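Note that the coordinates shown come from a computational prediction; the quantities given were computed from them, not determined experimentally.
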Amino acid sequence: MGKLTVRALRAVLVVVLAGTVFVQALMLWALISGNDPEAGSLPLTPLRVITILGIGTAQVAMVCVWRLVTMVRRGTVFSHAAFRYVDAIIGAIVAAALVWFAVTALNAPGQRDDPGVTLIMGGVGLAILGVALIVLVLRTLLAQAVARDVEAAEMQAELDEVI
């Protein structure tokens, strides 16, 4: 991975992370201050809490991606240490899907006249879980690469002994 790619990815991660922290702070301030009365048909307080949690799942994934990029730059990504970050990304994606299902459940009573919206939202939740499955497949590929790397190191050590 080139330096330009790493810098561009890190710049995007910093901007998005700063933006999400700002939005979380605004949501938290709205919850704590109580200055925004709930005048709409949806309960705003649970939606704000869910939004804060949902943004938190994205932040966890971004920090883990940052750590994995650091490992790539150092050449240590094909190690067992990378699994903890990949597992955390999978967990964050599953948590995001659960948060989305909570939003769907909160929104469902208001959609009695048009249940298709709830079905579409449920489908989006399943798609989010599908992303978690894709990352799980990528984790399996990482495991195979780590096993091959360990095997290659052992073979190199044996070859060094013979020579």
Side-chain angles (χ1 to χ4, degrees), residues 1-33 35-36 40 42-108 116-150 152-153:
M1 187 180 283
K3 286 185 179 183
L4 181 62
T5 305
V6 169
R7 287 182 182 165
L9 178 58
R10 285 186 173 167
V12 168
L13 288 173
V14 164
V15 169
V16 173
L17 193 58
T20 57
V21 168
F22 179 71
V23 170
Q24 274 183 321
L26 289 177
M27 291 286 193
L28 196 58
W29 177 254
L31 279 174
I32 293 171
S33 69
N35 290 337
D36 190 16
L42 289 176
L44 291 180
T45 301
L47 284 175
R48 284 191 184 113
V49 170
I50 289 171
T51 301
I52 291 169
L53 294 174
I55 290 172
T57 63
Q59 290 168 336
V60 167
M62 285 186 282
V63 168
C64 291
V65 167
W66 182 286
R67 294 295 301 149
L68 287 170
V69 168
T70 300
M71 292 179 82
V72 167
R73 286 297 297 155
R74 291 182 184 156
T76 59
V77 74
F78 294 114
S79 65
H80 293 287
F83 288 111
R84 100 180 91 169
Y85 300 115
V86 176
D87 291 340
I89 290 171
I90 293 169
I93 295 170
V94 170
L98 294 175
V99 166
W100 184 257
F101 286 132
V103 169
T104 303
L106 276 174
N107 188 48
V117 172
T118 303
L119 290 174
I120 290 170
M121 289 178 73
V124 169
L126 289 176
I128 295 169
L129 286 175
V131 172
L133 288 174
I134 290 169
V135 176
L136 183 62
V137 168
L138 294 175
R139 183 194 186 283
T140 303
L141 293 174
L142 177 64
Q144 290 176 355
V146 168
R148 297 277 190 269
D149 197 41
V150 168

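A search for side-chain contact (heavy atoms from CB on, under 4.5 Å) contacts involving Val21 returns Gln59, not counting sequence neighbours. Here Thr57 pairs with nothing under the side-chain hydrogen bond (donor to acceptor under 3.5 Å, both in side chains) rule; sequence neighbours left out.
Pairs engaging residues 132-146 under the side-chain hydrogen bond (donor to acceptor under 3.5 Å, both in side chains) rule: Asp87-Arg139 [sequence neighbours left out].
The side-chain contact (heavy atoms from CB on, under 4.5 Å) test with Leu13 singles out one residue from Leu9, Leu17, Val15, Val16, and that residue is Leu9.
Minimum interatomic distance between Thr118 and Ala108 (heavy atoms only, all atoms of both residues): OG1-CA, 3.7 Å. Heavy-atom minimum distance, Ala92 versus Val60: CB-CG1, 4.1 Å. Residues Gln24 and Gly56 come closest through the heavy atom pair NE2-N, 3.5 Å. Minimum heavy-atom separation, Val135 to Ile89: CG1-CG2, 4.2 Å.
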Which donor-acceptor pairs under 3.5 Å do the side chains of residues 124-133 make with protein atoms, sequence neighbours left out?
none

Quick one: side chains of residues 61-71, donor-acceptor pairs under 3.5 Å with protein atoms, not counting sequence neighbours, listed by atom name and distance.
from, atom 1, to, atom 2, distance (Å)
Arg67, NE, Tyr85, OH, 3.3
Thr70, OG1, Arg10, NH2, 2.7
Thr70, OG1, Trp66, O, 3.0

Side-chain donor-acceptor pairs under 3.5 Å in residues 96-106, sequence neighbours left out?
from, atom 1, to, atom 2, distance (Å)
Trp100, NE1, Met121, O, 2.7
Thr104, OG1, Trp100, O, 2.9

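Expressed to the nearest 0.5 Å, how far CE of Met27 lies from OG1 of Thr20 amounts to 12.0 Å. How far CZ of Phe83 is from CD1 of Ile90: 10.0 Å, rounded to the nearest 0.5 Å.
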Q: Take Val49 and Leu31, measure what side chain to side chain contact (heavy atoms under 4.5 Å, CB included) needs, and give me the verdict at the end.
A: CA-CA 8 Å; Val49 170; Leu31 279 174; 3.8 Å; yes

